[in-house]
Structures are given as structure tokens and as C-alpha cells.
Amino acid sequence: MTLQIQIQPIQANIGAVIENVDLNLTNPHILKQIHAALLRYQVIFFRHQQLQAQAQVQLAETFGHLHIHPIYPSLQDAPEIIILDSHATDLRDNELWHTDVTFSQTPPLGCVLQAIKIPEVGGDTLWASGTAAFKALPEALQNQLRGLTATHDIRKSFPFARFGTTSEAREKLEASFRKNPPVVHPVVRSHPETGEDILFVNEGFTTHINELSQTESDKLLNFLFEHAVKEQFHLRWQWQKGDVAIWDNRCTQHKALFDYGDAHRIMHRATVNGTVPYYQPRS
């Protein structure tokens, strides 16, 4: 008998909980169902998985080659997994709506995130759907946005004031800036697997719409930043130890709440490399 995963949608536009799965014991049939669920729901969750580092790496690698982050520390025996440790790293930049690493020419396809240590209160994460946000815009604005491009810059979320507080840290940050100069992406990108149109700007890294004046750009971006994360487009996940989230970074934004003070929160994240964003009109 072939095992079928059980899917519980969270809300109409985004998110589902996957049950009846042990991510330590997957097979090609289960992985095919997981990949299909990710395309449909954009972010999927698995309770109480307790994945070992190499198992997390292997799961993430079923989606593609893995990314090495230029700023955050990683596990010594698994450099593909970055450590998000609230006692070791300033994580306030995560309390800002963003799509991961859009400062790259090839932003990530997605991420596999596991909760290692969770505060008793707080530390939830929110995800928002860029496809639902775009569909909800007036048609005239949709058509205007399809012809625009925007600049994305790593420096917007990694300022020297927080990430360059020592000479060693400053030198490392400057090297990251040199390696990651500002890049240009379409304001509306096409999903390479579903073909759907996605609103592809985010408060974390998008600095300017290139075809507009600074005043016009600021006004439009501020509107889009606010619109993209409205309640009807997003969900809120309350973590438990061992939970795993997989999200499609091509069509979502997320925001990790830093509302737990000095409590300790540790997450392990594996990031899957993506491709160059593009826009192609749907036939």
C-alpha cells in the first residue's frame, strides 16, 4: 500500500500542515507529494521532526543545490546549514518582511528551517503569498508593474551599525558587500514551475524601482510593501521544538518576530539555490 501524506490547509491563500510523515524516513513517492504540496501551498509545516543535520541537508538537496550564506555562521560538520541563534547573532533584521537573499542574481528557490530551541513565549514566524498579493491588485496596476524592474541591495538589511561592530566583523561585511553588489530583478516575476505572476519586491532588500523617480519609487514601494503582507495574504506559525518548515522563496515573504527578549531561540536553516528571476507573459 502506497503511503499518502495528509494535508491540512492553514488558510485560503497560503500554508498547510503535512501529517503522517517522518522526514527522517522519506522515499521518492513521499518526496514527490511534498514537492507538489509546496508548489500548491507555498509554505508547508511538519510537527516534531527532530531532524539530524545531515538529514536536513539531504531533504533540502532534493529541491536543488544548497547555498552558503555570506553573513551568518554555519554548522561545522554541515556548512550548508546556517545557525540562527539569538544569543550569538543580532537577529533583528529578521523582524522585517523579506524574501531571502534577493540581493543575489539568483535568489534561493526555497528553504528548509528547523526549530532547535524555542522560547516559552514569542518567536513566531509569518509568511505571505506574493501570488495572492499580486492577484488582488487592480488590473491597471498589475499591467504597470509588469513592465518595471527594481534594485535589491544587501546593505539595506545588514548595516555596519549592527553587523560591523568589530574590525573583524566590519572587514567580513565589507567583503560581502563587494561580493554582492546591487542587482536588478523584475517587479513581477514568473514562477518557473507554475507560471504564476508573483509580486517580487520586499522591504528587506528592495531599494528602488528603476524606471521611476525616487519620490515616485518610494511612494509605490511603500504601498506595495504594505499591500503584500495584508492579513488575507499571510499566516502566522507558532513554533514547537523539532518543527520543520519548507517554503518557496520565489513566491513568498516572511518575517520572524523578535518579541522574546533575552530568551534563547535557535533555528537551523538550509537554503536551496535558485535561478535568475524573469517575467514571461502567460499565454
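- Applying the salt bridge (Lys or Arg N to Asp or Glu O under 4.0 Å) test to every pair with at least one member in residues 40-53, sequence neighbours left out, gives these pairs: R47-D243.
- D77 meets the side-chain contact (heavy atoms from CB on, under 4.5 Å) test with L75; sequence neighbours excluded.
- W247 and V17 fall within the same hydrophobic cluster, defined by Ile, Leu, Val, Met, Phe, Trp and Tyr side-chain heavy atoms under 4.5 Å apart, directly or through other members.
- Listed by chain and number, the residues in a salt bridge (charged side-chain N to carboxylate O under 4.0 Å, His left out) with E80 amount to none (sequence neighbours excluded).
- Of the candidates L66, V57, I68, T271, I81 forms a side chain to side chain contact (heavy atoms under 4.5 Å, CB included) with just one, namely V57.
- A centroid separation of less than 6.0 Å is found between the aromatic rings of F258 and Y260.
- Side-chain atoms of Q11 and H234 include no donor-acceptor pair closer than 3.5 Å.
- Other residues, nucleotides and ligands place no more than 12 heavy atoms under 6.0 Å from the CG atom of D262.
- Atom CG in L199 sits 10.0 Å away from atom CD in Q142 (nearest 0.5 Å).
- A ring pair (Phe, Tyr, Trp, His ring centres under 6.0 Å) check over residues 40-63, counting only residues at least two apart or in different chains, returns the pairs H35-F63, F45-W127, F45-W237.
- Hydrophobic clustering (ILVMFWY, side-chain heavy atoms < 4.5 Å, transitive): I7 and L31 are in one cluster.
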Pairs of donor and acceptor atoms involving the side chains of residues 274-281, under 3.5 Å and at least two apart or interchain, shall be tabulated with distances.
unit_1	atom_1	unit_2	atom_2	d
Y279	OH	R146	NE	3.0

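- The structure places CZ of R265 at 8.5 Å from CG of L257, a figure rounded to the nearest 0.5 Å.
- Here the straight-line distance linking atom CG of N13 with atom NZ of K230 works out to 12.5 Å at 0.5 Å rounding.
- Distance check, rounded to the nearest 0.5 Å: NE2 of H98 to OG1 of T252 gives 9.5 Å.
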Scan the side chains in residues 107-121 for donor-acceptor partners under 3.5 Å anywhere in the protein, sequence neighbours excluded, and list what turns up.
unit_1	atom_1	unit_2	atom_2	d
Q114	OE1	Q50	N	3.4
Q114	OE1	L51	N	2.6
Q114	NE2	L51	O	3.0

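- There is a side-chain donor-acceptor pair under 3.5 Å between D218 and Q214.
- Atom CD1 of I44 sits about 5.0 Å away from atom CG of L38, to the nearest 0.5 Å.
- Within 6.0 Å of CD in Q240 there are more than 12 heavy atoms belonging to other residues, nucleotides or ligands.
- Follow the hydrophobic side-chain contacts under 4.5 Å out from L221 and you never reach I154; the two are in separate clusters.
- In this structure, the separation between OG1 on T62 and NZ on K32 is 14.0 Å, given to the nearest 0.5 Å.
- Judged purely by distance below 3.5 Å, without hydrogens or angles, the side chains of S104 and N180 never pair a donor atom with an acceptor atom.
- Considering only residues two or more places apart in sequence or on other chains, T151 meets the side-chain contact (heavy atoms from CB on, under 4.5 Å) condition with P182, V184, T207, N210.
- Hydrophobic cluster membership for L25: none, as no Ile, Leu, Val, Met, Phe, Trp or Tyr side chain comes under 4.5 Å of it.
- D22 is linked by a salt bridge (charged side-chain N to carboxylate O under 4.0 Å, His left out) to nothing, counting only residues two or more places apart in sequence or in another chain.
- E193 pairs by the salt bridge (charged side-chain N to carboxylate O under 4.0 Å, His left out) definition with R250, not counting sequence neighbours.
- Using modelled atom types and a 3.5 Å distance limit, the side chains of D248 and H191 yield a donor-acceptor pair.
- In this structure, H254 has its ring center no closer than 6.0 Å to that of W97.
- Other residues, nucleotides and ligands contribute at most 12 non-hydrogen atoms within 6.0 Å of the CD atom of E226.
- Two different hydrophobic clusters hold I198 and V229 under the rule that ILVMFWY side chains link at heavy-atom gaps under 4.5 Å.
- More than 12 heavy atoms of other residues, nucleotides or ligands lie within 6.0 Å of CD in E61, so this atom counts as buried by the packing criterion.
- Here side-chain hydrogen bond (donor to acceptor under 3.5 Å, both in side chains) pairs that include residues 131-140, with residues two or more places apart or in two chains, are Q42-T131, S129-T131, K135-E196.
- In the hydrophobic clustering (ILVMFWY side chains linked at under 4.5 Å, chained through shared members), L39 stands by itself.
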